[in-house]
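To find a chain, count down the sequence lines: A is the first, B the second, and so on, and within it residues start at 1.
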Amino acid sequence: MAEKITSRAVDYSQWYIDIVLNAKLADYSPVKGCMVVRPRGYAIWERIQAEYDRRFKETGHQNAYFPLLIPMSFLKKEAEHVEGFAPELAVVTHGGGEELEEPLVIRPTSETIIWSKYKDWIQSWRDLPLLYNQWCSVLRWEKRTRLFLRTAEFLWQEGHTAHETEKDAVEETMRMLDVYREVAERHLCLPVIAGRKSDAEKFAGAVATYCIEAMMQDRKALQAGTSHFLGQNFGKAFEVQFQTRDGGLDYAWATSWGLSTRLIGAIIMTHSDDKGLVLPPSLAQEQAVIVPIYKTDTKSAVLDYAARMEASLKDAGIRVVTDTDDTSSPGWKFAEWEMRGVPVRIEAGPRDMEAGKAVLVRRDTGEKTVIAASEAAVRVRELLDAIQKNLYERAKAFRLANTRDVSDYEEMKAFYGKAGEENEGTATARGGFARALWCGSRECEAKLKAETKVTLRCMPLDDQDHIEGKCALCGSPAKFRAIFARNY
RNA sequence: CGGGACGUUGCCUAGCGGCUAAGGCGCCAGCUUUGGGAGCUGGAUAUCGGCGGUUCAAAUCCGCCCGUCCCGACCA
């Protein structure tokens with residue numbers, strides 16, 4: 001049979017699409033730009049949701065649900081906000097066969113409708129903070145879409161909080177950014193850089209936008225989550241005033257923060273290989289698969305042997321399945337489960353059975369180990385932990401190996417190479433993260449973007465010490481240290 | 001939204017004015033097999049992306065539209 005998955009070295013985009021489709025994570029829909037999330041993809045999303053949701057609750061947030069449809073006039077109340085989102089709005093103009101008095105937009109994000117209600121719910125400093133989150137889908141009419149990475153409709157989570165003071169809101173912004181970072185790193189095995197966006201890249205309506213940025217295997221950056229400090233912009237736009245402790249009046253301070261099914265794309269592009277999906281054990285629907293190998297005369301004995309092993313793994317809390325399908329060969333099954341990203345494969349045939357053994361194969365490295373069946377649960381658990389750790393470490397090492405300090409514009413251009421190079425669009429294309437000083441001017445950023453497609457991803461929070469020297473783009477005195485990259 | 005490539009069965013492809021649209025993979029049934037994508041036999045599956053036009057005759061030529069992918073602009 002022909003290779004199902006295009007090699008990363010040939011066409012990185014096609015490789016990505018091949019993985020999504022062949023691993024049955026998602027499929028195209030009849031409506032352009034939309035996506036069907038299939039059960040294997042949705043299962044990943046459910047595990048991501050569960051982990052983040054738990055952390056949201058631990059940090060004091062409650063889930064709520066606000067409507068899909070928002071009056072057009074609400075969007076217009078915050079000038080920057082509407083300007084930023086207007087080009088990608090879908091608008092409902094008719095209902096029940098009649099034209100509506102006021103058009104309704106399908107939410108591209110919910111700040112406006114939520115703050116319209118916060119006005120009703122906040123009268124006193126005693127009503128604050130309000131710490132709400134919602135899991136929902138939003139719609140942005142994207143011109144160019146890609147499964148999981150950028151679809152018109154996408155599933156996400158959006159937190160919207162209101163606070164008594166600027167300090168509280170800023171703390172909340174940073175707290176949630178840190179929740180994003182920690183879960184991404186520990187749970188999704190995505191090493192990320194937490195930083196602040198430049199004004200050019202910040203959210204429409206925010207005072208400051210913070211993000212976590214990850215590096216994909218083609219060395220491009222992917223924004224994996226954002227946390228915004230919104231100041232009093234929405235408090236003022238929606239007249240959310242409250243009585244302060246000292247008897248005065250003030251507008252509520254706001255934050256919002258979101259992450260989406262795009263994370264699934266990030267996981268795929270960070271960990272997977274030319275054989276298919278590679279999943280962190282904590283996210284995998286099946287953490288281990290047992291492939292029994294038998295001839296007709298050994299079939300029932302081998303199946304018994306496999307069943308006992310399966311039971312012991314289940315008792316140990318490991319998500320395991322046994323592939324007892326008689327119509328496909330072991331080789332087929334190996335390839336199929338590799339494509340699906342199952343972290344550990346257990347092969348059990350007559351030879352193993354006689355010796356009381358089994359063969360463990362780890363998905364991330366392909367390494368095979370022979371173990372005693374009696375200690376299968378312990379050894380699989382160890383291996384799952386090792387894979388979880390290795391995926392993170394491997395991705396982090398890759399990022400470090402592809403991050404370079406850049407001190408001037410020539411060096412920057414040399415790092416990224418010229419457009420149209422023959423390996424462009426493949427995993428071997430040039431570039432990566434450039435760590436460089438920056439003067440803070442919007443013109444510098446715009447010039448770099450226009451000439452190289454490289455953008456300022458973020459100013460890392462933990463890397464702003466000893467800013468001495470010149471902007472790597474224009475040579476004037478530097479104010480920040482930033483990470484630059486091409487991005488998704 | 002601009003430039004490019006491509007739409008033929010579930011998937012990949014052949015056919016490029018003329019008979020019942022061909023092959024591989026997959027799928028179904030049966031037999032046989034099983035340590036890296038097995039074999040044999042039989043079987044089902046196509047309004048050739050859609051609409052319109054040219055023609056005695058259209059998958060094939062022309063026009064418009066739709067969709068997917070890539071590049072650009074825009075963006076999570």
> Using the C1' atom as the reference point in each nucleotide, state the distance between B/A58 and B/C69 in Å, no decimals.
28 Å
> Does B/C70 have its OP1 or OP2 closer than 4.0 Å to a side-chain nitrogen or oxygen of A/Arg146?
yes
> Nearest 0.5 Å, please: how far is NE2 in A/His61 from CG in A/Asp53?
11.0 Å
> For atom C1', what is the distance between B/A22 and B/U45, given to the nearest Å?
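Those two atoms are separated by 15 Å.
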> Return all side-chain donor-acceptor pairs below 3.5 angstrom for residues 202-212 of chain A, not counting sequence neighbours, or 'none' if the list is empty.
{"residue": "A/Lys202", "atom": "NZ", "partner": "A/Ala206", "partner atom": "O", "Å": "3.0"}
{"residue": "A/Thr209", "atom": "OG1", "partner": "A/Phe203", "partner atom": "N", "Å": "2.9"}
{"residue": "A/Thr209", "atom": "OG1", "partner": "A/His228", "partner atom": "ND1", "Å": "2.8"}

> Can a salt bridge be assigned to the pair A/Glu382 and A/Arg379 using a cut-off of 4.0 Å between side-chain N and carboxylate O?
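Yes, this pair counts.
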> If you look at every strand shown and take non-hydrogen atoms under 4.0 Å, does A/Thr151 touch a base, only sugar-phosphate, or nothing?
base
> NA contact type, A/Glu158, heavy-atom cut-off 4.0 Å: base, sugar-phosphate, or nothing?
nothing
> Are there any protein N/O atoms within less than 3.5 Å of an N/O atom in nucleotides 73-75 of chain B, and if so, which ones and at what distance?
{"residue": "B/C75", "atom": "O2'", "partner": "A/Glu142", "partner atom": "OE2", "Å": "3.1"}
{"residue": "B/C75", "atom": "O2", "partner": "A/Arg150", "partner atom": "NE", "Å": "2.1"}
{"residue": "B/C75", "atom": "O2", "partner": "A/Arg150", "partner atom": "NH1", "Å": "2.9"}
{"residue": "B/C75", "atom": "O2", "partner": "A/Arg150", "partner atom": "NH2", "Å": "2.2"}
{"residue": "B/C75", "atom": "N3", "partner": "A/Arg150", "partner atom": "NH1", "Å": "3.2"}
{"residue": "B/C75", "atom": "N3", "partner": "A/Arg150", "partner atom": "NH2", "Å": "3.0"}

> To the nearest Å, how far apart are A/Asp11 CG and B/C71 C1'?
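In whole Å, B/C71 C1' and A/Asp11 CG are 12 Å from each other.
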> What is the distance from CD1 of A/Ile346 to C1' of B/G36, rounded to the nearest Å?
18 Å
> Looking at A/Arg8 and A/Asp218, is any side-chain nitrogen of the basic one under 4.0 Å from a carboxylate oxygen of the acidic one?
no
> Should A/Asp297 and A/Lys295 count as an ion pair when the cut-off is N to O under 4.0 Å?
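No.
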> In terms of the angle between their ring planes, are A/Phe238 and A/Phe234 parallel, tilted or perpendicular, with boundaries placed at 30° and 60°?
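Taking A/Phe234 first and then A/Phe238, their aromatic rings lie parallel (interplane angle under 30°).
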> Rounding to an integer number of angstrom, what distance separates B/A59 and B/U8 when you compare their P atoms?
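My reading of the P atoms in B/A59 and B/U8 gives 15 Å.
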> Measure the distance from CG on A/Asp323 to C1' on B/G35 and round it to the nearest whole Å.
15 Å
> Could you check whether A/Val359 gets within reach of a base, just the sugar-phosphate, or nothing at all, counting any heavy atom under 4.0 Å?
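Since a base atom lies under 4.0 Å of A/Val359, the category is base.
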> Identify the pairs formed between an N or O of the protein and an N or O of nucleotides 38-41 of chain B at a distance under 3.5 Å, and give each distance.
{"residue": "B/A38", "atom": "OP1", "partner": "A/Ser329", "partner atom": "OG", "Å": "3.3"}
{"residue": "B/A38", "atom": "OP2", "partner": "A/Ser329", "partner atom": "OG", "Å": "2.8"}

> I'd like to check A/Glu153 versus A/Arg140 (side-chain heavy atoms, cut-off strictly below 4.5 Å). Are they in contact?
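When only atoms from C-beta onward are counted, A/Arg140 and A/Glu153 do not touch, as no gap falls below 4.5 Å.
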> Taking CZ from A/Arg486 and P from B/C71, how many angstroms apart are they, rounded to a whole number?
12 Å
> Using the C1' atom on both, measure B/A46 against B/G10 and round to a whole Å.
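So the two C1' atoms sit 12 Å from each other.
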> Just to be sure I understand: a Watson-Crick pair is purine N1 to pyrimidine N3 plus N6-O4 or O6-N4, both under 3.5 Å. Using that and G-U wobbles, which stems of three or more pairs involve RNA chain B?
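Counting only runs of 3 or more consecutive pairs, the stems involving RNA chain B are B:1-7 with B:66-72, B:10-13 with B:22-25, B:27-31 with B:39-43, B:49-53 with B:61-65.
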> Over 60° means perpendicular and under 30° means parallel, so tell me whether A/Phe229 and A/Trp253 are parallel, tilted or perpendicular.
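Rings of A/Phe229 and A/Trp253: parallel, as their planes differ by under 30°.
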> Round to the nearest Å and state the distance from A/Asp218 atom CG to B/C70 atom C1'.
14 Å
> Using a 4.0 Å heavy-atom cut-off across all strands, classify A/Gly366 as base, sugar-phosphate, or nothing.
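Result for A/Gly366 = nothing.
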> Provide the distance between the two C1' atoms, one in B/G43 and one in B/G3, to the nearest whole Å.
47 Å
> Hey, does A/Leu149 reach any base, or is it just sugar-phosphate, or nothing, if we go heavy atoms under 4.0 Å?
base
> Round to the nearest Å and state the distance from A/Glu336 atom CD to B/U34 atom C1'.
17 Å
> With nearest nucleotide decided by heavy atoms, which residue, A/Lys299 or A/Leu222, maps closer to the 5′ end of RNA chain B?
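Residue closer to the 5' terminus by nearest nucleotide: A/Lys299.
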> So, using side chain to side chain contact (heavy atoms under 4.5 Å, CB included) as the criterion, who are the partners of A/Arg399 when residues are at least two apart?
A/Pro191, A/Ile193, A/Met215, A/Lys396, A/Thr403, A/Phe433
> With nearest nucleotides of RNA chain B determined for A/Lys333 and A/Phe154 from heavy-atom distances, which residue corresponds to the more 5′ nucleotide?
A/Lys333
> Separation of A/Glu367 atom CD from B/G36 atom C1', in whole Å?
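These atoms are roughly 18 Å apart.
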> With rounding to the closest Å, how many angstrom separate the P atoms on B/A73 and B/C66?
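B/A73 and B/C66 have their P atoms separated by 24 Å.
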> Roughly how far apart, to the nearest Å, are B/G15 and B/C74 at atom P?
41 Å
> Separation of A/Ile293 atom CD1 from B/G37 atom P, in whole Å?
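Value for this atom pair: 12 Å.
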> What interatomic distance, in whole Å, is found between C1' of B/G17 and the corresponding atom of B/C62?
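It comes out at 13 Å once rounded to the nearest Å.
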> By the side chain to side chain donor-acceptor pair (under 3.5 Å) test, which pairs, at least two apart or in different chains, include something from residues 441-450 of chain A?
A/Ser198-A/Glu445
> With a 4.0 Å cut-off, would you call A/Glu347 and A/Arg345 a salt bridge?
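Answer for the salt bridge query: yes.
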> Reckon A/Lys368 touches a base, only the sugar-phosphate, or nothing at all at heavy-atom distances under 4.0 Å?
base
> Return the minimal non-hydrogen interatomic distance between A/Glu213 and A/Gln223, and the atom names on each side.
OE2-CB, 3.4 Å
> Under 4.0 Å between a side-chain nitrogen and a carboxylate oxygen: does that hold for A/Arg55 and A/Glu182?
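Yes, A/Arg55 and A/Glu182 are salt-bridged.
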> Would you call A/Asp326 and A/Lys299 a salt bridge, taking side-chain N to carboxylate O under 4.0 Å as the test?
yes
> Quick check: any donor-acceptor pair below 3.5 Å linking the side-chain of A/Glu338 to the base of B/G36?
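By the distance-only test, yes, there is a pair.
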